[in-house]
S.K.: 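Pasting in a structure now, in structure tokens, and then I'll have a few things to ask.
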Amino acid sequence: MNKKIFRSSFLTVFLVLIATIALIMGILFHFFEKQIQKELENEANYLLLAVEKEGIHFFDEFKKQNNRITFINSNGKVLFDSDTDAENLDNHADREEIKEAMKTGEGKSTRYSKTLTEKTVNYAVRLSDGAILRVSTTQYTVISVLLGMLQPVLIVLFAALILTGVLSSRVSKAIIDPINTLDLKHPEQNETYEELTPLLRKLAEQNRTIEEQLAEAHKKQVEFKLITENMSEGFLVIDQDAILLTYNSAAMALFGITPPAEGSVLAFCRAKDFRDTVSKALSGEKWENTMMRDECCYSIIANPVFEDKEVIGAVIIILDITEREKRETLRREFTANVSHELKTPLTSISGFAELMKEGDVSQDTVVDFSESIYEEAQRLITLVNDIIKISELDGKSISFESETVDLYELSEEIINRLNDHAEKRNIVFHLIGSKTEITGVRKILDEMIYNLCDNAIKYNKENGTVDLIINETESSVAVMVRDTGIGIPAQHLSRVFERFYRVDKSHSKQVGGTGLGLAIVKHGAIYHNAAISLESTEGKGTTVTIRFDKK
Ligand code: ADP
């Protein structure tokens with residue numbers, strides 16, 4: 001920049017300088033030429049008077065001063081020449097100035113020497129008898145003047161060069177130095193020459209625009225990061241070569257990679273389903289697939305990204321659908337189990353009814369059959385009721401009213417309801433605790449405690465006991481049901497809360513179990529954000545505790 005300004009200003013100043021010198025010289029030269037012309041004319045007119053008076057004899061005594069004088073008769077023959085012998089000169093009738101003078105009375109001409117270093121300026125006047133008097137002078141041309149003055153001209157040129165150099169350097173420095181020291185971050189705070197003000201204003205304006213755009217871009221980036229980072233789904237953006245462009249931590253966690261990650265996404269996961277999905281998307285098709293990885297099930301959704309109808313990459317979303325798949329499996333199992341559980345009593349009812357329909361049975365047997373049909377029907381009703389309860393809790397489609405429930409009072413009521421049942425087996429209930437209130441759904445809490453107490457009777461021994469303890473601490477309320485029953489073998493402990501899971505199916509059936517009691521307890525606890533624990537020793541008894549958080 002500095003060099004460029006220096007060069008241009010140097011050239012400009014130098015050229016202006018040379019042009020000025022040339023112009024001045026030209027004007028002077030022109031002025032002197034005019035002057036010489038005038039002198040020639042004056043001299044010619046002055047001589048004209050004398051020659052008119054004295055004729056050719058005027059030249060007899062003529063002494064040449066500065067200019068050359070030529071006297072020519074009306075035919076062009078040279079009669080006298082101050083510089084040469086007239087005899088030696090050829091006819092001058094064809095000379096430009098002579099021709100003109102003969103025609104108009106006066107004639108002018110300028111003739112250059114072969115080397116162009118000299119020029120002859122002629123002025124001719126016509127005498128009354130038609131003869132011509134010519135005054136000529138030889139003058140140096142501009143070129144010869146210049147050549148003659150070469151040394152001073154070169155010295156002047158050299159001086160001009162140096163002067164121009166110094167001036168240009170100062171000018172370029174004066175322009176560039178303030179530009180180089182500009183504070184571009186705060187353009188408007190610079191104190192510099194006026195011509196820069198519009199530029200600085202524009203810069204400040206642009207700075208503001210850039211800052212705004214950067215802030216906007218940053219905001220968008222933060223928003224994007226916040227959204228993607230808070231996604232539990234894996235999120236990936238890849239280019240057309242499957243090279244990773246953007247990702248979120250969930251995706252990296254899924255691939256077991258610690259960020260930062262780069263390179264081909266296909267190197268992160270070699271599962272065929274994943275690779276197929278990626279290549280389908282990169283071929284321009286939206287594709288969905290599932291893949292298994294570390295016992296988890298994932299759904300992969302890949303969408304191609306187009307620009308001008310060309311695939312330039314893909315966006316991949318990976319969802320962990322393990323839970324969903326598990327729920328689906330459970331639901332399928334539940335449906336199968338329900339059908340099976342319903343079918344058994346219905347088959348019995350149908351069998352008994354068929355036998356009775358045929359009329360081959362005695363009156364006593366009809367009574368027995370009727371009792372069996374009644375029992376199976378009761379079992380069906382209990383089963384259907386339990387299925388309804390668990391469906392209500394599971395589907396969360398029904399919203400229950402929460403209220404303040406005194407667990408002690410509720411337990412007392414449940415024990416009363418179960419009293420007959422307990423007495424039949426000579427089982428004694430102990431209710432330990434005092435008024436303890438929690439916020440919950442009375443109906444569900446009732447079912448939970450009822451089922452636990454019912455199990456404690458069903459799976460107890462004759463003359464056993466059931467302790468129902470309500471215990472309140474600062475942070476929680478616990479309901480504990482402890483029996484002295486048959487207990488649960490250790491290998492079954494983890495599964496008894498599953499739907500239709502029974503340790504001993506025939507025993508459960510015999511005591512009227514549906515296999516859904518503990519599952520209802522579990523779902524009730526989930527509904528109330530309560531924790532369940534189960535301790536059991538085979539042959540000694542079982543303790544189930546539900547702990548409600550106080551919040
Ligand atoms: P059920 O209707 O068969 O009682 P539950 O879901 O209530 O079904 O219980 C599942 C299984 O767990 C029962 O079949 C039984 O084998 C076992 N069980 C539940 N509670 C007790 C208990 N208090 N003592 C011993 N076994 C129990």
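The figures here come from the full heavy-atom set of this structure, side chains too, leaving out hydrogens, waters and symmetry mates. Both ligands and their constituent atoms are indexed starting at 1 by order of listing.
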S.K.: If you count the atoms of ligand 1 from 1 in the order shown, which ones are under 4.0 Å from a heavy atom of G487?
M.R.: 25 (C)

S.K.: Distance to 0.1 Å, residue and atom name: give those for the protein heavy atom nearest to atom 13 (C) of ligand 1.
M.R.: Y459 OH, 3.3 Å

S.K.: Main chain of N207, side chain of K185: is a donor-acceptor contact present, judged purely on distance under 3.5 Å?
M.R.: no

S.K.: Within a distance under 4.0 Å of any heavy atom of K458, pick out the atoms of ligand 1 and give their elements.
M.R.: 1 (P), 2 (O), 4 (O)

S.K.: Which of the numbered atoms in ligand 1 are below 4.0 angstrom from a heavy atom of T514?
M.R.: 1 (P), 2 (O)

S.K.: Evaluate the criterion salt bridge (Lys or Arg N to Asp or Glu O under 4.0 Å) for residue pair E413 and R417; output intermediate values, then yes/no.
M.R.: CA-CA 6 Å; E413 199 191 295; R417 262 186 274 151; 3.5 Å; yes

S.K.: Between T542 and ligand 1, which residue portion shows a heavy-atom distance shorter than 4.0 Å: side chain, backbone, both, or neither?
M.R.: side chain

S.K.: Begin from the C-alpha positions of E288 and S299 and carry the test side chain to side chain donor-acceptor pair (under 3.5 Å) through to its verdict.
M.R.: CA-CA 7 Å; E288 283 189 41; S299 169; 4.8 Å; no

S.K.: Among protein heavy atoms, which lies nearest atom 23 (N) of ligand 1, and at what distance?
M.R.: D483 OD2, 2.9 Å

S.K.: Are F274 and F255 an aromatic pair, judged by ring center distance below 6.0 Å?
M.R.: yes

S.K.: Identify the closest protein heavy atom to atom 20 (N) of ligand 1: which residue and atom is it, and at what distance?
M.R.: N455 ND2, 3.2 Å

S.K.: Could you tell me how the ring of H507 sits relative to the ring of Y459: parallel (under 30°), tilted (30 to 60°) or perpendicular (over 60°)?
M.R.: perpendicular

S.K.: Is D273 reaching over with its side chain to a backbone N or O of M291, donor-acceptor style, under 3.5 angstrom?
M.R.: no

S.K.: Pull out every atom of ligand 1 sitting under 4.0 Å from any heavy atom of S508, numbered as shown with elements.
M.R.: 1 (P), 3 (O), 14 (O)

S.K.: Which of the atoms of ligand 1 are close to G515, meaning less than 4.0 Å from one of its heavy atoms?
M.R.: 1 (P), 2 (O), 3 (O), 6 (O), 8 (O)

S.K.: As an exercise, identify every atom of ligand 1 less than 4.0 angstrom from a heavy atom of I488.
M.R.: 18 (N), 25 (C), 26 (N), 27 (C)

S.K.: Which residue is it: D364, D360, T365? I am looking for the one with a side chain to side chain donor-acceptor pair (under 3.5 Å) to S362.
M.R.: T365

S.K.: Can a side-chain donor-acceptor contact be found between D549 and S475 if the only test is distance below 3.5 angstrom?
M.R.: no

S.K.: Would you say G513 has any N or O atom under 3.5 Å from an N or O of ligand 1, going by distance alone?
M.R.: no

S.K.: List ligand 1 atoms under 4.0 Å from V496, heavy atoms only on the residue side.
M.R.: 10 (C), 12 (O)

S.K.: Would you mind checking which non-hydrogen protein atom is closest to atom 6 (O) of ligand 1, with the distance to 0.1 Å?
M.R.: L518 N, 2.8 Å

S.K.: At what distance is the nearest protein heavy atom to atom 14 (O) of ligand 1, and which residue and atom is it?
M.R.: R502 CG, 3.0 Å

S.K.: Using 4.0 Å as the upper bound for N to carboxylate O, is an ion pair formed by R208 and E212?
M.R.: no

S.K.: Give the atom numbers and elements of ligand 1 that come within less than 4.0 Å of a heavy atom of Y501.
M.R.: 10 (C), 11 (C)

S.K.: Does an N or O anywhere in I486 fall below 3.5 Å from an N or O of ligand 1?
M.R.: no

S.K.: Tell me whether the rings of F235 and F224 are parallel (<30°), tilted (30 to 60°) or perpendicular (>60°).
M.R.: perpendicular

